[in-house]
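In what follows, a single structure is set out as structure tokens and then discussed.
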2 protein chains.
Amino acid sequence: MQIIIQAEVIFQALADKTRLRIIRLMRVTGEESCLCELVDSLLEPPYKLSRHLKILRQAGLLLSQKEGRWVYHRLVSEPAYLEQLYATVQALPDPNEIYSKDLHRFHQRLCLREGRRCRVGIQSEMFKTEAG
Amino acid sequence: MQIIIQAEVIFQALADKTRLRIIRLMRVTGEESCLCELVDSLLEPPYKLSRHLKILRQAGLLLSQKEGRWVYHRLVSEPAYLEQLYATVQALPDPNEIYSKDLHRFHQRLCLREGRRCRVGIQSEMFKTEAG
DNA sequence: TCAATACTTGCATTATAGTGCAAGTATGCA
DNA sequence: TGCATACTTGCACTATAATGCAAGTATTGA
């Protein structure tokens, strides 16, 4: 899993609606987050988000850390131009209020944490594991 | 020729090496430029650059203005987040010195202008019009 | 030790994007 | 009026990328 520092790779990583939603959510909240929290915030299937997270990781924008069953993701803030980049992402308009809706659901989802950690799995009926 | 204000379209426009070279060159110099000057600076064929310029235009990053046989292109700087974006592009590393080489050739090419305007057409042997 | 579950990935499909060639348009100058 | 030239674009081809399903891995807790 090599990290490539080519500019076009970074912009390619941001050239997708779903990935921008992820970046923006994590930037605005400053939180790290597991997959199931993102599923409940963005209302997208886990396999889809998992792959987009991988792309962000490979572009060097995300760090992922396993904690038991959960994997926590957080934005990489070094070198400084990455911070500058996230700030720009955050400054972009949100005409359809997609990002603000994601943010709202994320905040609600944070209430289910215990000790700053997720303990519940996917809550959205649509994407719950069959066995659930 | 509609201008779309969706974030992913802007980042998609930046997700290409050639387009980043164009943006960065025009940002660093603050100049507007015609196609043949860009051909001589980036050493890429005119049809290729012409198409990339079109993509930048459609993303709302570039304004193109015809002046006789020449078409001058310049960066769009409003709204403010575009300036912020270009600043970030400019802040990105240039490990292979691609951008600095483009810049060098561009400065040399500027010497051929008369009254701030190009009057000569493509100079690079490789991309000259056959009849030339 | 076995089942539930948080997450990942191989595969097939579809969509999008970059490139080169060659032909096209439009402008200016002889 | 006709040719040179600055630029654009249709077409074919290739490469890359997004998606959904289903199957896989790894961890935890009963």
Side-chain angles (χ1 to χ4, degrees), chain A residues 1 4 8-9 11-22 33-40 42 44-59 62 64-73 109 112-113 117-124 126-132, chain B residues 1 8-9 11-22 33-40 42-59 62 64-73 109 112-113 117-124 126-132:
Chain A
M1 202 182 300
I4 311 154
E8 66 270 21
V9 175
F11 286 113
Q12 179 60 49
L14 297 174
D16 177 278
K17 195 173 227 160
T18 306
R19 292 197 292 269
L20 277 177
R21 290 169 71 191
I22 295 170
S33 167
C34 61
L35 183 67
C36 53
E37 290 176 331
L38 290 172
V39 169
D40 287 333
L42 273 51
E44 297 284 350
Y47 61 80
K48 182 175 171 179
L49 294 184
S50 178
R51 269 199 275 243
H52 282 303
L53 289 167
K54 185 179 183 180
I55 291 168
L56 291 173
R57 212 181 305 129
Q58 289 174 333
L62 209 69
S64 304
Q65 203 165 4
K66 190 157 190 170
E67 291 188 17
R69 254 181 300 198
W70 284 267
V71 179
Y72 282 88
H73 308 276
R109 187 57 166 72
L112 302 182
R113 282 191 183 179
R117 282 298 177 251
C118 174
R119 289 286 169 263
V120 295
I122 295 169
Q123 297 300 295
S124 319
M126 210 174 175
F127 303 118
K128 273 187 175 167
T129 317
E130 305 99 62
Chain B
M1 201 182 300
E8 66 270 21
V9 175
F11 287 114
Q12 179 61 47
L14 297 174
D16 177 276
K17 194 174 230 162
T18 306
R19 292 196 293 267
L20 277 177
R21 290 168 72 191
I22 295 170
S33 167
C34 62
L35 183 67
C36 55
E37 290 176 333
L38 290 173
V39 169
D40 287 333
L42 307 194
L43 300 178
E44 297 284 351
Y47 61 79
K48 182 174 170 180
L49 294 185
S50 178
R51 267 198 275 244
H52 283 303
L53 289 167
K54 185 178 183 180
I55 290 168
L56 291 173
R57 212 179 306 128
Q58 288 174 333
L62 209 70
S64 304
Q65 201 164 7
K66 190 157 188 171
E67 291 189 16
R69 254 181 299 196
W70 285 267
V71 178
Y72 282 87
H73 307 275
R109 188 55 167 73
L112 302 182
R113 282 192 183 178
R117 283 300 177 249
C118 175
R119 288 287 169 262
V120 296
I122 296 169
Q123 297 298 296
S124 319
M126 210 173 174
F127 303 118
K128 273 185 175 167
T129 317
E130 305 101 62

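Computed from a predicted structure; not experimentally measured. Order of the sequence lines fixes the chain letters, A, B, ..., with proteins taken first and strands second; residue numbering starts at 1 for each chain.
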On the nucleotide [N], are OP1 or OP2 found under 4.0 Å from the side-chain N or O atoms that [X] carries?
X        : N       : value
Tyr47(A) : dG20(D) : yes
Lys54(B) : dT8(D)  : no
Lys48(B) : dG18(C) : no
His52(B) : dT19(C) : yes
His73(B) : dC7(D)  : no
Arg19(B) : dG18(C) : yes

Taking for Trp70(B) and for Pro45(A) the nucleotide of DNA chain D with the nearest heavy atom, the one nearer the 5' end belongs to Trp70(B)
First encountered from the 5' end of DNA chain D, between Gly68(A) and Ile55(A): Ile55(A)
DNA chain C: Arg69(B) or Leu49(A), which has the more 5' nearest nucleotide? Leu49(A)
So, for Arg21(A) and Leu42(A), which heavy atoms are closest and what is the spacing to 0.1 Å?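 Smallest interatomic distance, heavy atoms only, reads NH2-O, 2.8 Å.
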[X] [atom1] to [N] [atom2], straight-line distance once rounded to whole Å:
X         : N       : atom1 : atom2 : result
Gln65(A)  : dA26(D) : CD    : C1'   : 17 Å
Leu14(B)  : dG18(C) : CG    : P     : 12 Å
Arg109(A) : dA6(C)  : CZ    : C1'   : 11 Å
Phe127(B) : dC7(D)  : CZ    : P     : 15 Å
Asp16(A)  : dA18(D) : CG    : C1'   : 8 Å

Backbone N/O of [Y] and side chain of [X]: donor-acceptor pair under 3.5 Å:
X        : Y         : value
Glu37(A) : Cys34(A)  : yes
Asp40(A) : Ile122(A) : no
Arg19(A) : Gln12(A)  : yes
Arg57(A) : Ser64(A)  : no

From dT27(C), dC7(C), dT8(D), pick the nucleotide closest to the side chain of Lys66(B)?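 Between dT27(C), dC7(C), dT8(D), the one nearest the side chain of Lys66(B) would be dT27(C).
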Of the nucleotides dC7(C), dG18(C), dT27(C), which one has an atom closest to the side chain of Val71(A)? dC7(C)
Looking only at N and O atoms, is any donor in the side chain of Arg51(B) or the base of dG20(C) less than 3.5 Å from an acceptor on the other one?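 In this structure, the two groups form a donor-acceptor pair.
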Touch check for Arg119(A), heavy atoms < 4.0 angstrom, all strands: base, sugar-phosphate only, or nothing? nothing
